[in-house]
Peer 1: 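Before we start, here is the structure in question, set down as structure tokens.
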Amino acid sequence: MEIMDGKALAAEIRAELKVKIEKMQQKPGLAVVIVGEDPASQIYVRNKIKACAELGIRSYSYELPETASQAELEELLDKLALDSDVNGILLQMPLPKNFDEDSAMAHIPVEKDVDGFTATNLGLLMQHKEKIVACTPLGVMKMLEKYGIDPAGKNAVVLGRSETVGKPMAMLLLNANATVTVCHSRTQNCKEICKKADILIAAVGKPKFVTADMVKDGAVIVDVGINRDENGKLCGDVDFQNVKEKASYITPVPGGVGPMTIAMLMYNTYLTACKE
């Protein structure tokens, strides 16, 4: 069993990016927009701005109160869309419940969509013509590549069907010639399906949901979840201690997929700047 070190790989990718960015005359600019005061979102935003500073990416932070209107948010996004100093726009999700996320995303131009969440970028992924891809699924693919795990011909199971992770993850694996099954809350024989997986990606947001009896010997286990267990300790969607005994490769939480997500955001920001 080998632990897939996302922290080390992310550091490697960031070091390569830093060298490329240093050579650019016009440094990339990333605008981060957050609405409301969700603590988890605020931590993510701080980490993203810190990563920008380390790599020489210019970052602009915009905070709107939860009482802001949809129109105010969309007006800000329109302004950033026209700003030539801004190559990438990141709208921190989830938005407060009174906001329409799809409507807001439609105000981010496809060429500035560093999250890969616009309808156009998702459509390009569907056609296997992807340009900017959602950061977390892209990070997972980079990890598989780093460890020499080729999805072609393998049975891949994705637990979760979110627009941000599950669906784009399934599509990337399909584009890499895996045979893909997506399990979700209505799946009736989830355990049996998981036991057939050569590659199992867990993205359901339930602490230690994947147990050892759901995993076949030698499977590759990628844990996208970030949760707190009953003792308040950080854990993933996989029961790491027991599942690692059966896996050939497994990602830890923390230190697995998490660092890769931010590295891919930096990579996507670099790509948007290169298109200018």
Peer 1: In the structure I gave you, are the side-chain heavy atoms of L17 and Y267 within less than 4.5 Å of one another anywhere?
Peer 2: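 Counting from C-beta outward, L17 and Y267 do come under 4.5 Å.
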Peer 1: Tell me the side-chain hydrogen bond (donor to acceptor under 3.5 Å, both in side chains) pairs involving residues 217-227, sequence neighbours left out?
Peer 2: N227-D237
Peer 1: How close do P109 and H107 get, heavy atom to heavy atom, and via which atoms?
Peer 2: CD-O, 3.7 Å
Peer 1: Can you pull out every side-chain hydrogen bond (donor to acceptor under 3.5 Å, both in side chains) where at least one residue sits in residues 5-15? Sequence neighbours excluded, please.
Peer 2: E12-K146, R14-E54
Peer 1: Under 4.5 Å between side-chain heavy atoms, hopping through other hydrophobics if needed: is there a path connecting L64 to M93?
Peer 2: yes
Peer 1: Report yes if the side chains of Y270 and K20 come closer than 4.5 Å at any heavy-atom pair, otherwise no.
Peer 2: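 Touching, per the 4.5 Å side-chain cut-off.
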Peer 1: Which heavy atom in V182 sits nearest to a heavy atom in R161, and how many Å separate them?
Peer 2: CG1-CB, 4.0 Å
Peer 1: Are the side chain of E101 and the backbone N or O of P94 linked by a donor-acceptor pair below 3.5 Å?
Peer 2: no
Peer 1: Rounded to the nearest 0.5 Å, what separates atom CG in L30 from atom CG in L55?
Peer 2: 11.0 Å
Peer 1: In residues 124-133, what donor-acceptor pairs under 3.5 Å come from side-chain atoms, sequence neighbours left out?
Peer 2:
residue, atom, partner, partner atom, Å
H128, ND1, E130, OE1, 3.2
H128, ND1, E130, OE2, 3.4
H128, NE2, N175, O, 3.4

Peer 1: I would like to know whether V33 and Q92 meet side-chain contact (heavy atoms from CB on, under 4.5 Å); could you show each step before the answer?
Peer 2: CA-CA 6 Å; V33 179; Q92 183 63 43; over 6 Å; no
Peer 1: I want to check something: taking the side chain as every heavy atom from C-beta on, are V220 and L200 in contact at a cut-off of under 4.5 Å?
Peer 2: no
Peer 1: Just how far is it from atom CD1 of I149 to atom CE of M143, taken to the nearest 0.5 Å?
Peer 2: 9.0 Å
Peer 1: If you count the non-hydrogen atoms of other residues, nucleotides and ligands that lie under 6.0 Å from CD in E22, is the total more than 12?
Peer 2: yes
Peer 1: Do you know the tightest heavy-atom contact between I89 and A81?
Peer 2: CD1-N, 3.8 Å
Peer 1: Pair E74, S103 - check side-chain hydrogen bond (donor to acceptor under 3.5 Å, both in side chains), show working.
Peer 2: CA-CA 8 Å; E74 291 175 359; S103 175; 2.6 Å; yes
Peer 1: Search all heavy atoms of P252 against all heavy atoms of F240 and return the closest pair with its distance.
Peer 2: CA-CE1, 3.9 Å
Peer 1: Flag yes if more than 12 heavy atoms outside K206 fall under 6.0 Å of its NZ atom; otherwise flag no.
Peer 2: no
Peer 1: Counting distance only, does the side-chain N/O of T187 pair as donor-acceptor with the main-chain N or O of C190 below 3.5 Å?
Peer 2: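 Absent.
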Peer 1: With the side chain counted from C-beta on, respond yes when T181 and V158 share a heavy-atom pair under 4.5 Å apart, and no when they do not.
Peer 2: no
Peer 1: Tell me, please, which residues at least two apart from T120 pass side chain to side chain donor-acceptor pair (under 3.5 Å).
Peer 2: none
Peer 1: Does the side-chain contact (heavy atoms from CB on, under 4.5 Å) test come out yes or no for K112 and N87, once each step is laid out?
Peer 2: CA-CA 6 Å; K112 294 192 178 189; N87 302 103; 5.9 Å; no
Peer 1: With distance as the sole criterion, is a donor-acceptor pair present between the side chains of T118 and D113 under 3.5 Å?
Peer 2: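 Note: T118 and D113 side chains meet the donor-acceptor criterion.
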Peer 1: Does anything in residues 24-45 pair up under side-chain hydrogen bond (donor to acceptor under 3.5 Å, both in side chains), and if so which pairs, sequence neighbours excluded?
Peer 2: D38-S41
Peer 1: What distance do L144 atom CG and L173 atom CG have between them, rounded to the nearest 0.5 Å?
Peer 2: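 These two atoms lie 7.0 Å from each other.
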Peer 1: Side-chain contact test, heavy atoms from C-beta onward, threshold under 4.5 Å: evaluate it for I34 versus Y62 and give yes or no.
Peer 2: no
Peer 1: Side chains of C183 and L159: closer than 4.5 Å at any heavy-atom pair?
Peer 2: yes
Peer 1: Can you check whether D100's main-chain N or O pairs, donor with acceptor, with Q70's side chain at less than 3.5 Å?
Peer 2: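 Yes; at least one donor-acceptor contact below 3.5 Å.
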Peer 1: Does the S248 side chain pair with the main chain of G218, one donor and one acceptor, at a distance under 3.5 Å?
Peer 2: yes
Peer 1: Taking all heavy atoms of A31 and all of L80, pick out the closest pair and write down the distance.
Peer 2: CB-CD1, 3.9 Å
Peer 1: Quick check: does any side chain N or O of D150 sit under 3.5 Å from a backbone N or O of A152, one acting as donor and the other as acceptor?
Peer 2: yes
Peer 1: Can you check whether V210 reaches C194 side chain to side chain, under 4.5 Å on heavy atoms?
Peer 2: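 When only atoms from C-beta onward are counted, C194 and V210 do not touch, as no gap falls below 4.5 Å.
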Peer 1: For S162 and K167: C-alpha separation, side-chain torsions, deciding distance, then whether side-chain contact (heavy atoms from CB on, under 4.5 Å) applies.
Peer 2: CA-CA 6 Å; S162 69; K167 287 180 183 175; over 6 Å; no
Peer 1: Is there a donor-acceptor contact under 3.5 Å from the side chain of R58 to the main chain of D85?
Peer 2: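 Confirmed, R58 side chain pairs with D85 backbone.
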Peer 1: Mind checking whether T136 and T164 have side chains closer than 4.5 Å, heavy atoms only?
Peer 2: no
Peer 1: Return the minimal non-hydrogen interatomic distance between V204 and G160, and the atom names on each side.
Peer 2: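 Minimum heavy-atom separation between V204 and G160: CG1-N, 3.9 Å.
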Peer 1: Please list, chain by chain and in numerical order, all residues satisfying side-chain contact (heavy atoms from CB on, under 4.5 Å) with T211, sequence neighbours excluded.
Peer 2: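 T211 satisfies side-chain contact (heavy atoms from CB on, under 4.5 Å) with D213, M214 once adjacent residues are dropped.
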Peer 1: Can you check whether G232's main-chain N or O pairs, donor with acceptor, with D229's side chain at less than 3.5 Å?
Peer 2: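 Yes.
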